[in-house]
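Beneath this line is the structure, given in structure tokens, with notes to follow.
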Amino acid sequence: MNVVTSVIVSSELQGLLQKKHLSMNFAFSSPSASGGGRERDARGPGAGGRRDPYACMDPCDTLQKRARGQQRGGLGAGSPALPGGQARRRKQPPRLADFTLQVIIIGFRGVGKTSLMERFTDDTFCEACKSTVGVDFKIKTVELRGKKIRLQIWDPAGQERFNSITSAYYRSAKGIILVYDITKQETFDDLPKWMKMIDKYASEDAELFLVGNKLDCETDREITRQQGEKFAHAKDNFNVDEIFLKLVDDILKKMPLDILRNELSNSILSLQPEPKIPPELPPPRPRVRCC
Ligand SMILES: Nc1nc2c(ncn2[C@@H]2O[C@H](COP(=O)(O)OP(=O)(O)OP(=O)(O)O)[C@@H](O)[C@H]2O)c(=O)[nH]1
């Protein structure tokens with residue numbers, strides 16, 4: 001029975017993807033586990049282990065480290081160890097992002113959309129989160145292909161009653177992460193409804209990523225790995241960070257080369273206007289909304 005459902009869903013999805021020239025990646029994840037469902041990769045200089053192909057960057061951390069270095073009389077401004085010219089150069093503010101990209105995470109209520117976002121942006125996980133009301137969002141800057149990209153991640157409520165509000169956020173999203181819960185059949189059966197929302201509201205060239213979430217709850221699994229792979233016509237294994245970074249990388253690959261080659265020091269090139277928050281919405285809360 002499940003297999004039949006998945007075949008029907010699959011051909012329907014195929015039609016939608018072709019119509020919109022979309023391709024879809026697929027991954028399993030588990031934001032409940034640090035590292036998002038598989039052993040965490042060591043990152044950064046001196047961390048050892050495998051270097052991740054997608055270098056992730058926390059701007060706040062970098063700035064704090066710089067400030068600490070200056071206080072300690074390190075290689076910062078005014079450091080006796082440096083001649084004046086070099087010290088002045090150190091004082092320059094860090095280069096701003098080259099691009100701003102919007103990514104939206106959608107799916108049935110409770111599948112773990114907020115958890116994925118917070119694992120990626122803050123490396124935190126909330127065991128008993130409240131359902132999102134309206135739309136939540138967070139920002140994280142990443143560095144890929146030599147560009148700094150400011151990611152605006154939108155997390156709309158999964159509850160149907162918010163659909164009229166949340167659909168306003170699809171248009172400006174360059175990347176869409178569609179999530180289901182591997183332990184709840186209804187969240188998988190609901191995917192065609194989300195695909196229709198994408199078809200109706202999302203941009204023609206948005207990149208899609210299907211995520212089977214709650215991988216740590218293997219014993220309660222209701223949807224097989226094969227069903228997920230069949231739906232997405234794709235197969236892969238990424239952790240939470242890699243899901244976002246692969247998505248961004250795929251967006252960058254689609255971008256015109258002249259934009260990528262352009263050196264935009266200290267400027268922000270937004271690929272599209274910042275999404276306007278519909279007036280009926282309260283302003284999004286850019287913080288953890290966990291209990
Ligand atoms: N075991 C486990 N629990 C998870 C995982 N991801 C999320 N959860 C839990 O699932 C519940 C719902 O997670 P949320 O991130 O709030 O889900 P959501 O999709 O944002 O929900 P809505 O805001 O209602 O649309 C929370 O209690 C989380 O702790 C996971 O990978 N494993």
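Both counts, for ligands and for their atoms, begin at 1 and track the order of listing. The residues of the chain are indexed from 1 along the displayed sequence.
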* For the pair Asp155 and Lys113, find out whether any cationic side-chain nitrogen is under 4.0 Å from an anionic carboxylate oxygen. => no
* Using heavy atoms and a threshold below 4.0 Å, how should the contact between Val111 and ligand 1 be classified: side chain, backbone, both, or neither? -> both
* To do: With Tyr180 as reference, evaluate Asn213, Val211, Thr187 under the side chain to side chain contact (heavy atoms under 4.5 Å, CB included) test and give the passing residue.
  => Thr187
* What part of Val179 sits under 4.0 Å from ligand 1 if we count only heavy atoms: the side chain, the backbone, both or neither? -> neither
* Is it true that Lys184 and Asp220 have a side-chain N and a carboxylate O under 4.0 angstrom from each other? -> no
* Structure fact -> Quick note on ligand 1: atoms under 4.0 Å from a heavy atom of Ser131 include exactly 22 (P), 23 (O), 24 (O)
* Asked: Which bit of Glu127 gets closer than 4.0 Å to ligand 1, counting heavy atoms only: side chain, backbone, both or neither?
  -> backbone
* Which is closest to atom 7 (C) of ligand 1 by heavy-atom distance: Pro156, Ser115, Cys129? -> Ser115
* Asked: Does Asp250 come within less than 4.0 Å of Lys246, counting only side-chain N to carboxylate O?
  -> yes
* To do: Have a look at ligand 1 and work out which part of Cys126, if any, has a heavy atom under 4.0 Å from it: side chain, backbone, both or neither.
  => backbone
* Against heavy atoms of Gly158, which atoms of ligand 1 measure under 4.0 Å? -> 25 (O)
* Asked: Roughly how far, to the nearest 0.5 Å, is CH2 of Trp154 from OG1 of Thr166?
  -> 12.0 Å
